[in-house]
Student: 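Questions regarding the structure given below will be posed in turn.
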Number of protein chains: 2
Amino acid sequence: MATLAGVSTGTASKALNGRGTLRPETRLRVQQAAEQLGFVANAAARSLHSGRTYTVGMITTDSIGRFSIPLMIGAEDALGAGQMSVFLCDARDDPIREQYYVRTLLSRKVDGIIVTGRRTQARAPIGEDLPVPVVYAFISSSDPQDCSVVPDEADGARRAIQHLLAIGRRRIVHVTGPEHHYSATVRAAAAEETLTAEGLEPASRTLYGEWSEAWGRQAAGILLSTGADIDAVFCGSDQIARGVAEGLREAGREIPRDVALVGFDNWDVMVQGSRPALTSIDMDLEGIGRTAAELLLAAVNGEPVHGQRAHPCRLVPRASTAVPADSGRRT
Amino acid sequence: MATLAGVSTGTASKALNGRGTLRPETRLRVQQAAEQLGFVANAAARSLHSGRTYTVGMITTDSIGRFSIPLMIGAEDALGAGQMSVFLCDARDDPIREQYYVRTLLSRKVDGIIVTGRRTQARAPIGEDLPVPVVYAFISSSDPQDCSVVPDEADGARRAIQHLLAIGRRRIVHVTGPEHHYSATVRAAAAEETLTAEGLEPASRTLYGEWSEAWGRQAAGILLSTGADIDAVFCGSDQIARGVAEGLREAGREIPRDVALVGFDNWDVMVQGSRPALTSIDMDLEGIGRTAAELLLAAVNGEPVHGQRAHPCRLVPRASTAVPADSGRRT
DNA sequence: AGCGTCGGGGCAATCGTTTTCCTGATTTTC
DNA sequence: GAAAATCAGGAAAACGATTGCCCCGACGCT
């Protein structure tokens, strides 16, 4: 103990925490002794006394995946700045495992819990009357009283369409994932509404399929074979967009001259790997994670926020919608 | 306290933990009371007494990325089974932040630390004479006494070449990442050695570039323009392989009939998105994470393992090296 | 010079759980 | 029937740090 190198345990505590009235010289002596011995206060003992653990639990309901990671990074970022640590729990879509983790986190007396997942669709709350605040990030809780931070997917779709309109496209079609998938329907509805609001209508009905490149290629084939007159495709994901790009390119269509393309997710390997580089909608997952963490901290400090918060999307323009010098409209 | 619903704190503890000699009826009564009140023992108080926290810290030196995630999942898997929780720390390649996290973890009295990163190259130990065991996963420590679990990349390269040889290819070339990158040179050396051991030599010198699809396409162009007679390409990453595949296909070469292709990483979106689907080397990152966690647990239990452990790779065959019924060798 | 005040720092209670020791009570044994 | 053995469960110390309280010495004031 640092006391050996100085005075008494109580005094040492005061010295290291800046409490009590001590002579500067004594304080310094204790600090140096602690430094020398590599002394670090035992967090367990400290939290036992204070009731705070400066720890939050993070439960990913689905496995840790492409969406949960930026969320985690964002949250970890905001929490780390507040000197808090993160307990990582991967529930793997298993309710039993999830409940087990909730109990574990409560036993560890975390100050709060962040729940994330792979889908934006609402889910049942992880527990009722939990003794600590809970914030849902990316996914939302089906209880409207719970605090959720979700991407504004409709906003994203709107931005995509408006961008295409802004570069002069009018014959726009939407290709996306499965019709039973919440995100697909929300984005499709918003895209259609945006067109309608401009007095336009889709160049073809929305094509629903899978979240894959293969479906994108297939969709391109469908569009070409029906002979629809299109000059832009808004895709529900970057993977689909990449598939569409390949399909169109191989049929001799040039992007963006003949057909402009916007994806969704702004997934680096996809937008960069695509030819040409893909304009895409970024949901700012890191920002969502950060916001969720900040709301959690607020709740821990006694200022809980209820209800759902929609986080705006951002359009990242790249070559697939670049307007060439000569106007960008095919003749 | 559960005591209110039963007897005394000491007795309650015994009842819930199966210690001491209690009447079954008393034990049951306490358990039911605990159940009813939703009582969970305070982990801080418990660890204060036992000295164990049943918690390990996981530090990713680089940001959480494509490689760290499977490692984390694997580790979390093995540790979760042992009732342990994981503290996640993202040091973001910042030594200051890293040291800060080490101190935090020590203050929380974790039972051990797992260090992971994005590169396999050896790195300086995270600390000296730490009071808890440390295991390095994927990356290795420059101190040979430290316990590290790394992928056997040479083994992976060997398997790739042997697979190509097994399907009858003889004119093989290697396309990989930057020459200054440890993984690139290790894999290239092993690939070359394997060929030499078979009395063959590379169909062209190894092409070093970037870890990107664009480089893959470019490399395909180089191979075609030099007119090298090749019937297989082993690539240092799936992204490069995908680029090579595109480049070759657009030049009219058919895969695998004309040229067989093997990638590295077995990254789902790349191997599936590639046309045809890509045969690839899987480093079994999850397995590495699991092994690291198991070794850490062993060390925690007083059976430390020193030195570096190489984890074998696995070849996952797909269409890009599929042998057609008529032999697989172009005429 | 004596008393009051203030600054510095020690003492001990406290947090919640585990565990050892110990005490009654009951049962067994001769 | 008495001594010994067994059993159930309570009392209290311990884990490590924090913190309110109190004590002691020095200084200042009248």
Side-chain angles (χ1 to χ4, degrees), chain A residues 1-55 83-85 103-111 131-132 300, chain B residues 1-55 83-85 103-111 131-132 300:
Chain A
M1 244 299 231
T3 59
L4 301 183
V7 278
S8 85
T9 73
T11 310
S13 169
K14 288 170 193 159
L16 295 175
N17 296 298
R19 302 300 166 83
T21 54
L22 299 189
R23 234 177 316 168
E25 140 199 349
T26 310
R27 207 175 285 277
L28 188 65
R29 188 152 36 93
V30 175
Q31 284 167 348
Q32 285 175 343
E35 180 84 20
Q36 188 190 328
L37 274 68
F39 174 85
V40 256
N42 182 325
R46 173 176 287 179
S47 89
L48 190 54
H49 191 269
S50 67
R52 285 283 307 266
T53 52
Y54 294 91
T55 297
Q83 311 280 302
M84 308 201 62
S85 299
R103 283 182 62 89
T104 303
L105 291 177
L106 292 182
S107 133
R108 290 178 185 274
K109 293 280 180 286
V110 294
D111 293 337
V132 296
V300 169
Chain B
M1 242 301 229
T3 58
L4 301 182
V7 280
S8 85
T9 74
T11 309
S13 170
K14 290 172 195 159
L16 296 175
N17 296 299
R19 303 297 168 81
T21 54
L22 300 188
R23 237 178 314 165
E25 141 199 348
T26 310
R27 206 175 286 275
L28 189 66
R29 188 153 36 93
V30 174
Q31 283 167 348
Q32 286 175 343
E35 180 85 21
Q36 187 190 328
L37 276 67
F39 174 86
V40 256
N42 183 326
R46 173 176 287 180
S47 90
L48 189 53
H49 191 269
S50 67
R52 284 284 306 266
T53 53
Y54 294 91
T55 297
Q83 312 279 302
M84 308 201 62
S85 299
R103 284 181 62 89
T104 302
L105 291 177
L106 291 182
S107 134
R108 289 176 186 276
K109 292 281 180 287
V110 294
D111 293 337
V132 295
V300 168

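Note that the structure is a prediction, hence the values are computed from the model and not measured. Lettering follows sequence order; numbering is per chain, from 1. FYI, side chains are in, hydrogens and waters are out, and symmetry mates aren't considered; it's all heavy atoms of this structure.
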Student: Would you mind telling me which of C:dG7, C:dT18, D:dG16 lies closest to the side-chain atoms of B:Arg46?
Tutor: C:dT18

Student: Would a 4.5 Å heavy-atom cut-off, applied to side chains only, mark B:Thr55 and B:Lys109 as touching?
Tutor: no

Student: Could a donor-acceptor pair under 3.5 angstrom be found where the side chain of B:His49 meets the base of C:dT17?
Tutor: no

Student: OP1 or OP2 of C:dT18 versus the side-chain N and O atoms of B:Asn17: is any pair under 4.0 Å?
Tutor: yes

Student: Does A:Thr11 have a side-chain nitrogen or oxygen under 4.0 Å from the phosphate oxygens OP1 or OP2 of C:dG10?
Tutor: yes

Student: Between B:Arg23 (CZ) and C:dG24 (P), how many Å, whole number?
Tutor: 18 Å

Student: Would you mind telling me which residue lines up with the more 5' stretch of DNA chain D, B:Ala45 or B:Pro24, judged by nearest nucleotide?
Tutor: B:Pro24

Student: When the distance from CG of A:Leu16 to P of D:dT18 is rounded to whole Å, what number comes out?
Tutor: 8 Å

Student: In this structure, how many angstroms lie between the P atom of D:dA8 and the CZ atom of B:Arg29, rounded?
Tutor: 13 Å

Student: Using only heavy-atom distances, determine whether the side chains of B:Arg108 and A:Ser85 contain a donor-acceptor pair under 3.5 Å.
Tutor: yes

Student: Closer than 4.0 Å, any side-chain N/O of A:Thr9 to the OP1 or OP2 of D:dG16?
Tutor: no

Student: Please determine, for the side chain of B:Asn42, which listed nucleotide (C:dG16, C:dG9, D:dC7) has the closest atom?
Tutor: C:dG16

Student: B:Arg19 and B:Arg27: which non-hydrogen atoms are nearest, and at how many Å?
Tutor: O-NH2, 3.7 Å

Student: Between C:dT18, C:dG16, D:dA17, which one does the side chain of B:Leu48 approach most closely?
Tutor: C:dG16

Student: To the nearest Å, give me how far apart CZ (B:Arg27) and P (D:dA8) are.
Tutor: 9 Å

Student: Can you tell me if B:Arg19 touches the phosphate of C:dT18, counting only side-chain N or O atoms and a distance under 4.0 Å to OP1 or OP2?
Tutor: no

Student: Under 3.5 Å, is there any donor-acceptor pair linking the side chain of A:Lys14 to the base of D:dG20?
Tutor: yes

Student: Checking all strands, does B:Ser50 fall into the base, sugar-phosphate, or nothing category for heavy-atom contacts under 4.0 angstrom?
Tutor: nothing

Student: Looking only at side chains, do B:Thr11 and B:Ser8 share a donor and an acceptor under 3.5 Å apart?
Tutor: yes

Student: Can you confirm whether the side chains of A:Ser107 and A:Thr104 place a donor and an acceptor under 3.5 Å from each other?
Tutor: no

Student: Measure the distance from CG on A:Leu106 to P on C:dG16 and round it to the nearest whole Å.
Tutor: 16 Å

Student: Within the structure shown, what part of the strands sits under 4.0 Å from B:Ser47 by heavy-atom distance: base, sugar-phosphate, or nothing?
Tutor: nothing

Student: Specify the separation, in whole Å, of atom CG of A:Leu28 and atom C1' of C:dG9.
Tutor: 17 Å

Student: Atom CG of B:Leu22 and atom P of C:dT20: how far apart are they, to the nearest Å?
Tutor: 14 Å

